[in-house]
A.B. asks: 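Supplied in structure tokens, the structure appears directly below.
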Amino acid sequence: MSRFFESEIVREELESINELQREVYGTAMNFPTMTREQKLEHVDKLQTLVDKQRIMWTRLSLSDDQEAKDTLEYLKQSMSMLGFAPKTDVNSFFDTINKTIQSLRVNVD
């Protein structure tokens with residue numbers, strides 16, 4: 001394992017991200033039938049997930065660890081699978097996701 005991924009802080013944050021992903025993705029299909037409160041809670045979890053992912057992205061990009069760099073490259077490739085241009089600026093990517101989440105939050109009401 002690389003030095004980056006051996007960090008207790010990184011491991012804890014990755015575990016937190018994975019748990020949030022399971023929760024958010026596991027309930028996403030039920031969104032239309034949720035109560036208003038459940039929808040807002042779901043959107044809040046989604047926002048927390050994206051915030052944590054953005055922080056992890058920053059940690060990865062600041063690391064000189066090869067495995068962190070490889071992971072970063074893999075994530076960049078994954079962005080294109082989501083329909084973003086291959087050279088999309090990561091901040092633009094996260095800004096777009098945040099705008100979508102805010103739109104979702106507004107449309108709950």
A.B. asks: Please report the interatomic distance NZ(K99) to CD1(I101), rounded to the nearest 0.5 Å.
C.D. replies: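 It comes to 13.0 Å.
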A.B. asks: Atom OG1 of T71 and atom CG of L14: how far apart are they, to the nearest 0.5 Å?
C.D. replies: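 One gets 9.0 Å once the value is rounded to the nearest 0.5 Å.
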A.B. asks: Do L75 and V90 come within less than 4.5 Å of each other through their side chains, counting heavy atoms only?
C.D. replies: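 No, side chains not in contact.
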A.B. asks: Please round to the nearest 0.5 Å and tell me the distance separating atom CD of E13 and atom CG of N18.
C.D. replies: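 Answer rounded to 0.5 Å: 11.0 Å.
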A.B. asks: Quick one: does any side-chain atom of S7 pair with a main-chain N or O of F4 as donor and acceptor, under 3.5 Å?
C.D. replies: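 No: the side chain of S7 does not pair with the backbone of F4.
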A.B. asks: Let me see the working for D70 and Q66 under side chain to side chain donor-acceptor pair (under 3.5 Å), right down to the final yes or no.
C.D. replies: CA-CA 6 Å; D70 293 343; Q66 187 58 49; 2.8 Å; yes
A.B. asks: Is it the case that over 12 heavy atoms from other parts of the model lie below 6.0 angstrom from the CD1 atom of I9?
C.D. replies: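 Incorrect, the count does not exceed 12.
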A.B. asks: Identify whether V108 and M34 are in the same connected component of the hydrophobic contact network (ILVMFWY, side-chain heavy atoms under 4.5 Å).
C.D. replies: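 Yes: a chain of side-chain contacts under 4.5 Å links V108 to M34.
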A.B. asks: For the side chain of T27 and the backbone of N30, is there at least one donor-acceptor N/O pair under 3.5 Å apart?
C.D. replies: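 Here the side-chain-to-backbone pair does not exist.
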A.B. asks: Please answer whether the main-chain N or O of R59 pairs with a side-chain N or O of S63 as donor and acceptor at a distance below 3.5 Å.
C.D. replies: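 Checked: no pair found.
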A.B. asks: Is the shortest side-chain heavy-atom distance between T33 and Q38 below 4.5 Å?
C.D. replies: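 Sidechains of Q38 and T33: no contact.
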A.B. asks: Does I97 reach the side chain of Q53, with side-chain heavy atoms less than 4.5 Å apart?
C.D. replies: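 No; the side chains remain at least 4.5 Å from each other.
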A.B. asks: Are V106 and L46 grouped together when hydrophobic residues (ILVMFWY) are joined by side-chain heavy atoms under 4.5 angstrom apart?
C.D. replies: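 No, V106 and L46 fall in different hydrophobic clusters.
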A.B. asks: Check whether M29 and L49 end up in the same hydrophobic cluster, where Ile, Leu, Val, Met, Phe, Trp and Tyr are linked by side-chain heavy atoms less than 4.5 Å apart.
C.D. replies: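 Different hydrophobic clusters.
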A.B. asks: Determine yes or no for a side-chain-to-main-chain donor-acceptor pair under 3.5 angstrom, with T48 supplying the side chain and D44 the backbone.
C.D. replies: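 Confirmed, T48 side chain pairs with D44 backbone.
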A.B. asks: What is the distance from atom NE2 of H42 to atom CG of L104, rounded to the nearest 0.5 Å?
C.D. replies: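 If I round to the nearest 0.5 Å, the distance is 7.0 Å.
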A.B. asks: For the residue pair F94 and W57, categorise the inter-ring angle as parallel (less than 30°), tilted (30 to 60°) or perpendicular (more than 60°).
C.D. replies: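 It falls in the perpendicular class, over 60°.
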A.B. asks: To the nearest 0.5 Å, what is the distance between NZ on K87 and OG on S92?
C.D. replies: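 Those atoms lie 14.5 Å apart.
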A.B. asks: From D51 CG over to L20 CG, what is the distance, rounded to the nearest 0.5 angstrom?
C.D. replies: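 If I round to the nearest 0.5 Å, the distance is 10.5 Å.
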A.B. asks: So L40 and E37, do their side chains get closer than 4.5 Å, heavy atoms only?
C.D. replies: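 E37 does not reach L40 side chain to side chain.
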A.B. asks: Hydrophobic clustering (ILVMFWY, side-chain heavy atoms < 4.5 Å, transitive) - are Y25 and F31 grouped together?
C.D. replies: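 Looking at the clustering, Y25 is in the same group as F31.
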A.B. asks: Check whether any side-chain heavy atom of Q102 sits under 4.5 Å from a side-chain heavy atom of Q47, and report yes or no.
C.D. replies: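 Q102 vs Q47: side chains touch.
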A.B. asks: With a 3.5 Å distance limit and no angle check, can you tell me whether R11 reaches the backbone of E6 through a side-chain donor-acceptor pair?
C.D. replies: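 Yes: the side chain of R11 pairs with the backbone of E6.
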A.B. asks: Any donor-acceptor pair under 3.5 Å linking the side chain of S16 with the backbone of E12?
C.D. replies: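 No, because the side chain of S16 does not come within donor-acceptor range (under 3.5 Å) of the backbone of E12.
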A.B. asks: Please determine whether residues L60 and L82 belong to a single hydrophobic cluster, defined as Ile, Leu, Val, Met, Phe, Trp and Tyr linked transitively by side-chain heavy-atom distances below 4.5 Å.
C.D. replies: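 Yes, L60 and L82 fall within the same hydrophobic cluster.
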A.B. asks: With a 4.0 Å cut-off on N to O distance, would you call K69 and D64 a salt bridge?
C.D. replies: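 Salt bridge absent between K69 and D64.
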A.B. asks: Are D95 and R54 close enough, and set up right, to give a salt bridge (Lys or Arg N to Asp or Glu O under 4.0 Å), and what steps lead you there?
C.D. replies: CA-CA 10 Å; D95 289 345; R54 186 177 224 162; 3.0 Å; yes
